[in-house]
Number of protein chains: 2
Amino acid sequence: MFSSTEENYLKAIFNLSVRTKNPVSTNAISQRMNTSAASVTDMLKRLAEKDLINYVKYKGVTLTSTGRKTATMLVRKHRLWEVFLVEQLNFAWDEVHEMAEQLEHIQSEELVNRLDRYLGYPKFDPHGDPIPDANGQFTYRQQVILSELEVGEEAIVVGVKEHSPEFLQFLDRLHLQLGAQVMIQEHFDYDGTMRLKIFPEGEQLVSNKVGQNIYVQKKEK
Amino acid sequence: MFSSTEENYLKAIFNLSVRTKNPVSTNAISQRMNTSAASVTDMLKRLAEKDLINYVKYKGVTLTSTGRKTATMLVRKHRLWEVFLVEQLNFAWDEVHEMAEQLEHIQSEELVNRLDRYLGYPKFDPHGDPIPDANGQFTYRQQVILSELEVGEEAIVVGVKEHSPEFLQFLDRLHLQLGAQVMIQEHFDYDGTMRLKIFPEGEQLVSNKVGQNIYVQKKEK
DNA sequence: GGATTTTTTTAGACTTATCTAAATTTTAAT
DNA sequence: ATTAAAATTTAGATAAGTCTAAAAAAATCC
Ligand SMILES: [Mn+2]
Ligand SMILES: [Mn+2]
Ligand SMILES: [Mn+2]
Ligand SMILES: [Mn+2]
């Protein structure tokens with residue numbers, strides 16, 4: 001239906017507009033995709049021609065419903081393949097993104113739906129990101145940034161904001177994988193460093209930068 | 001490393017030269033790939049430039065060792081993915097080829113090797129075609145064309161020569177899937193039609209065309 | 001509000017992969 | 001050994017996707 005290149009642009013626009021629904025700028029796409037702004041402008045014209053985006057010269061773009069649907073299905077495929085790679089083929093969570101970038105372009109709705117069933121209809125991928133279902137519905141979850149917790153609060157690690165292998169490997173070292181139970185023991189105002197208890201046993205100093213990139217779910221008290 | 005297009009040409013050349021080791025003609029590739037002979041000539045020059053084929057103007061091409069290695073790994077990926085789709089995702093053997101055509105271009109040696117292990121190192125794909133191992137070694141098998149059997153001989157269906165969905169679905173109807181045990185009951189010289197016993201119970205008339213496209217392994221008597 | 005900086009678009013060029021039509025080479029036939 | 005037919009290559013075009021440099025529009029700054 002659409003080329004891999006077109007799909008990648010749609011996905012970039014989707015991810016750039018997923019929280020704010022403001023129009024996405026040419027430069028934002030250009031940076032995200034490591035392509036020149038000129039190339040982006042070219043592509044935006046073509047995507048608009050195909051009714052995948054609403055494009056107003058100099059004003060940025062928004063996805064049409066077709067465009068959003070296509071991007072959502074791409075995200076679905078990407079995340080389901082990541083689950084497959086981690087759960088079935090035992091890859092580590094920092095190794096799967098590049099492969100999923102390729103696998104997400106495999107065209108077969110039947111394939112992705114069967115994969116979904118095979119995996120037991122997972123709701124979240126190995127990085128804690130929600131997997132849209134066959135109708136494009138995301139599962140929402142009550143979550144906050146680890147850094148925002150108060151001293152004494154307990155929580156469970158449910159996701160990451162950064163996806164770089166370096167960050168993920170660092171989290172492995174800190175034993176802060178998904179599912180880890182933590183309690184804030186101390187909060188240093190100097191630079192935002194936190195002292196964490198990691199259950200059942202373990203304690204770590206965690207920098208503000210790390211704390212800012214982890215999503216947690218607060219534990220009921 | 002190489003584009004999907006380049007890989008598809010290498011695979012076509014490989015398949016066209018796998019039995020005869022004669023050079024492959026421009027026209028043969030052109031027909032196999034549904035592209036004009038002019039386009040093929042263009043690509044052959046580029047593949048020769050990259051040392052993937054030996055190309056002599058007007059004389060056809062052969063694969064270099066790099067070219068053959070690349071093509072073999074493509075065949076490996078294609079067939080392993082077909083096994084995955086059939087054995088794990090329960091697709092029928094006539095449904096998987098197009099998906100495998102896409103999946104074979106996913107680039108990750110680690111992925112294909114893990115898939116191989118995950119599937120239990122299968123030696124043959126759902127159509128009975130041999131799957132090269134990580135070193136590119138194919139498993140050979142004693143096999144003959146069904147039509148060549150004599151009356152009274154028993155055999156097991158182990159592969160197909162044709163891969164079209166129509167043919168494969170027809171074989172399903174005839175209960176002539178892989179593993180089926182057959183015995184030749186009668187051979188009509190008029191047009192080569194055969195009367196088969198299909199164990200444990202069942203009997204079918206099978207046209208010469210069908211018989212020519214089925215590989216069987218003779219049973220020891 | 002006019003000048004300056006930033007953002008975006010346009011112009012022109014390049015690469016890959018494809019096509020049709022024409023020219024050339026090889027093969028087959030008389 | 002010519003000649004006709006078939007196969008192959010060359011020439012010239014086109015579309016997708018990319019780039020750099022220059023022009024135009026929008027945003028920012030006294
Ligand atoms: Mn990813
Ligand atoms: Mn992910
Ligand atoms: Mn196949
Ligand atoms: Mn096959």
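Below, read A as the first sequence line, B as the second, and so on, with proteins coming before strands; counting in each chain starts at 1. Here the structure is a predicted model, which means the values were calculated and not measured.
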Spacing between [X] atom [atom1] and [N] atom [atom2], to the nearest angstrom:
{"X": "A:R32", "N": "C:dT7", "atom1": "CZ", "atom2": "C1'", "value": "19 Å"}
{"X": "A:H105", "N": "D:dG17", "atom1": "NE2", "atom2": "P", "value": "12 Å"}
{"X": "A:I29", "N": "C:dT7", "atom1": "CD1", "atom2": "C1'", "value": "13 Å"}
{"X": "B:E7", "N": "C:dA17", "atom1": "CD", "atom2": "P", "value": "11 Å"}

Strictly below 4.0 Å: does [X] bring a side-chain N or O up to OP1 or OP2 of [N]?
{"X": "B:S25", "N": "D:dA7", "result": "no"}
{"X": "A:T26", "N": "C:dT9", "result": "yes"}
{"X": "B:T35", "N": "C:dA17", "result": "no"}
{"X": "A:T41", "N": "C:dT9", "result": "yes"}
{"X": "B:Y9", "N": "C:dT16", "result": "no"}

ask   = Among the nucleotides C:dA17, C:dT7, D:dA7, which one has an atom lying closest to any side-chain atom of A:N27?
value = C:dT7
request  = Output the single nucleotide from C:dA17, D:dC19, D:dG17 whose closest atom is nearest the side chain of A:S36.
outcome  =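 Output: D:dC19.
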ask   = Any chance the side chains of A:W93 and A:D125 put a donor and an acceptor closer than 3.5 Å?
value = no
List the atom pairs, donor and acceptor, that lie under 3.5 Å between side-chain atoms in residues 51-63 of chain A and the rest of the protein, sequence neighbours left out.
unit_1	atom_1	unit_2	atom_2	d
A:N54	OD1	A:T62	OG1	3.1

inquiry  = Evaluate B:K123 against B:D133 for salt bridge (charged side-chain N to carboxylate O under 4.0 Å, His left out), listing each step before the verdict.
reply    = CA-CA 8 Å; B:K123 296 268 179 290; B:D133 67 18; over 6 Å; no
task = Would you kindly compare A:A38 and A:S4 by the position of their nearest DNA chain D nucleotide and give the one closer to the 5′ end?
result = A:S4
request  = Classify the ring geometry between A:W81 and B:F84 as parallel (under 30°), tilted (30 to 60°) or perpendicular (over 60°).
outcome  = tilted
query = NA contact type, A:S39, heavy-atom cut-off 4.0 Å: base, sugar-phosphate, or nothing?
reply =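 A:S39: base contact, heavy atoms under 4.0 Å.
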inquiry  = Once salt bridge (Lys or Arg N to Asp or Glu O under 4.0 Å) is applied, do any residues pair with B:D94, and if so which ones, sequence neighbours excluded?
reply    = none
query = Hey, mind stepping through B:R114 and B:E110 against salt bridge (charged side-chain N to carboxylate O under 4.0 Å, His left out) and telling me if it holds?
reply = CA-CA 6 Å; B:R114 289 210 187 201; B:E110 181 69 13; 2.8 Å; yes
ask   = For residues 42-62 of chain B, which residues have at least one heavy atom under 4.0 Å from DNA chain C?
value =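 Heavy-atom cutoff 4.0 Å gives B:D42, B:M43, B:R46, B:Y58.
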query = In a check of side-chain hydrogen bond (donor to acceptor under 3.5 Å, both in side chains) between B:E6 and each of B:K50, B:R46, B:K11, which one passes?
reply = B:K50
